[in-house]
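Notes follow the structure.
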Amino acid sequence: DIPAEIDGLPVTKIGTYAFQSHENLVKAIFPSSILTMGERVFNGDKSLRTVTLPANLKEMGTGTFSGCTSLKEISIPEGVASLKNATFSGCTYLTTVSIPESVTTLGNSVFEECTNLKSITLPSSLVSIGGSAFKNCAKLSAIVIPDNVSVLENSTFYNCTGLKEVTLSKELTTVGEQAFQNCAALTAIELPDGVMLIGEGAFSDCTSLTEINIPADVSIIEASTFSG
């Protein structure tokens, strides 16, 4: 356990790389005094299975749990506003993540290569999802994009081969390049009326896709959008 105080002073921050590559670390419990965590605090801790984040946590750095291949579930405390780039990338055993309504931003590659992630509920507060956020999440079967999200960045759901059901944001204007490429289980998708741009290869290699509506407002459909 991490102490709440050292020499009578409260411990409020965990520094960058603090526990990186501690291959025998299996459990981490934080005191409520912790407010911020630096970059890649637990990066590559392959034995880490249990994490209890502090209730008062406000900020986590990039790659906090990247490569924690034994981590199965985690709950993000209310008050955290952003999951930054690669926070859980390569957490191949991760199946369950609880994200509070305080979160407005998911960074690039935040859940990339979480190959056992089957479902996730995105908070209605969310306004931004980074590129490759769910890339190679092969077991993800369904996703609902909150209505405040206006852009799906490049490769957001690239190679999510088990993805069958997608509900897009009503405010969506842009589907980025390769956003759903090789989503081989996807059979139908309804693009909302405000979509104006569909990027290159956005739905390429979606071999089961039999139904898609293209709104009247679409002004740009780039190359190879529906190829394969």
Side-chain angles (χ1 to χ4, degrees), residues 1-114 116-117 119-135 137 146 148-149 151 153 156:
D1 291 5
I2 296 166
E5 293 183 354
I6 296 178
D7 295 333
L9 297 175
V11 177
T12 61
K13 181 178 180 178
I14 305 296
T16 296
Y17 309 125
F19 300 99
Q20 179 175 256
S21 300
H22 280 250
E23 294 192 357
N24 294 321
L25 183 66
V26 297
K27 185 177 182 179
I29 299 174
F30 297 89
S32 60
S33 61
I34 300 294
L35 302 177
T36 62
M37 297 171 65
E39 296 182 6
R40 301 189 180 277
V41 171
F42 295 99
N43 181 51
D45 290 355
K46 297 180 180 180
S47 298
L48 185 64
R49 295 194 298 267
T50 304
V51 175
T52 303
L53 292 174
N56 295 320
L57 186 67
K58 302 301 181 187
E59 182 179 359
M60 293 190 292
T62 60
T64 306
F65 295 99
S66 179
C68 292
T69 54
S70 296
L71 186 65
K72 186 175 182 180
E73 59 184 353
I74 194 163
S75 179
I76 309 300
E78 186 72 39
V80 173
S82 173
L83 297 184
K84 296 184 179 179
N85 296 351
T87 299
F88 296 103
S89 66
C91 291
T92 54
Y93 194 52
L94 189 68
T95 62
T96 305
V97 182
S98 176
I99 304 176
E101 287 292 326
S102 58
V103 172
T104 61
T105 303
L106 299 182
N108 298 334
S109 302
V110 62
F111 293 106
E112 183 175 347
E113 300 285 351
C114 290
N116 270 297
L117 186 65
S119 65
I120 189 167
T121 300
L122 301 179
S124 60
S125 55
L126 200 65
V127 298
S128 175
I129 301 175
S132 301
F134 295 93
K135 183 177 181 180
C137 290
N148 290 319
V149 175
V151 177
E153 301 287 355
T156 304

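To the nearest 0.5 angstrom, Met60 atom CE is 4.0 Å from Ile76 atom CD1. Remark: Thr87 OG1 to Glu39 CD distance equals 10.5 Å, nearest 0.5 Å. Interatomic distance, CG of Asp7 versus CD of Glu5, reported as 10.0 Å (0.5 Å rounding). A distance of 9.0 Å separates CZ in Phe111 from SG in Cys91, rounded to the nearest 0.5 Å. Remark: Leu106 CG to Ser82 OG distance equals 7.5 Å, nearest 0.5 Å. If you take NZ on Lys13 and OG1 on Thr36, they are separated by 5.0 Å, rounding to the nearest 0.5 Å.
A heavy-atom distance below 4.5 Å is not found between the side chains of Val26 and Thr50.
Between the side chain of Glu112 and the backbone N or O of Ala86 there is no donor-acceptor pair closer than 3.5 Å. Side-chain N or O atoms of Ser102 include one that pairs as donor or acceptor with a backbone N or O of Gly79 at under 3.5 Å. No donor-acceptor pair under 3.5 Å is formed between the side chain of Thr16 and the backbone N or O of Gly38. No side-chain donor-acceptor contact under 3.5 Å links Thr69 to the backbone of Thr92. In this structure, Thr156 contributes its side chain and Ala133 its backbone to no donor-acceptor pair below 3.5 Å.
Residues Leu57 and Glu59 come closest through the heavy atom pair CD1-O, 3.7 Å. Taking each heavy atom of Arg49 and Leu71 in turn, the nearest pair found is O-CD1, 3.6 Å. Heavy atoms only, all atoms of each residue included: Thr64 and Gly61 are closest at OG1-O, 2.7 Å. Of all non-hydrogen atoms in Glu78 and Pro100, the two that sit nearest each other are OE1-CB, 3.2 Å. Scanning both residues, Leu117 and Thr96, for their nearest heavy atoms gives CD1-N, 4.3 Å. Residues Pro54 and Ser32 come closest through the heavy atom pair CB-CA, 4.2 Å.
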Begin from the C-alpha positions of Cys68 and Asp45 and carry the test side-chain contact (heavy atoms from CB on, under 4.5 Å) through to its verdict. CA-CA 5 Å; Cys68 292; Asp45 290 355; 4.2 Å; yes
Test side-chain contact (heavy atoms from CB on, under 4.5 Å) applied to Leu94 and Phe65, step by step: CA-CA 11 Å; Leu94 189 68; Phe65 295 99; over 6 Å; no
Test log, rule side-chain contact (heavy atoms from CB on, under 4.5 Å), inputs Glu113 and Ser89: CA-CA 6 Å; Glu113 300 285 351; Ser89 66; 5.8 Å; no
Stepwise side-chain contact (heavy atoms from CB on, under 4.5 Å) test for Thr52 and Phe30: CA-CA 6 Å; Thr52 303; Phe30 297 89; 5.9 Å; no
Let me check something: any side-chain donor-acceptor pairs from residues 121-128 under 3.5 Å, sequence neighbours excluded? List them with distances.
from   : atom 1 : to     : atom 2 : distance (Å)
Ser124 : OG     : Glu101 : OE1    : 2.8
Ser125 : OG     : Glu101 : O      : 2.4
Ser125 : OG     : Val103 : O      : 2.6

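Qualifying side chain to side chain contact (heavy atoms under 4.5 Å, CB included) partners for Asn85, counting only residues two or more places apart in sequence or in other chains: Thr62, Asn108.
For NZ of Lys58, the number of neighbouring non-hydrogen atoms (other residues, nucleotides, ligands) closer than 6.0 Å is greater than 12.
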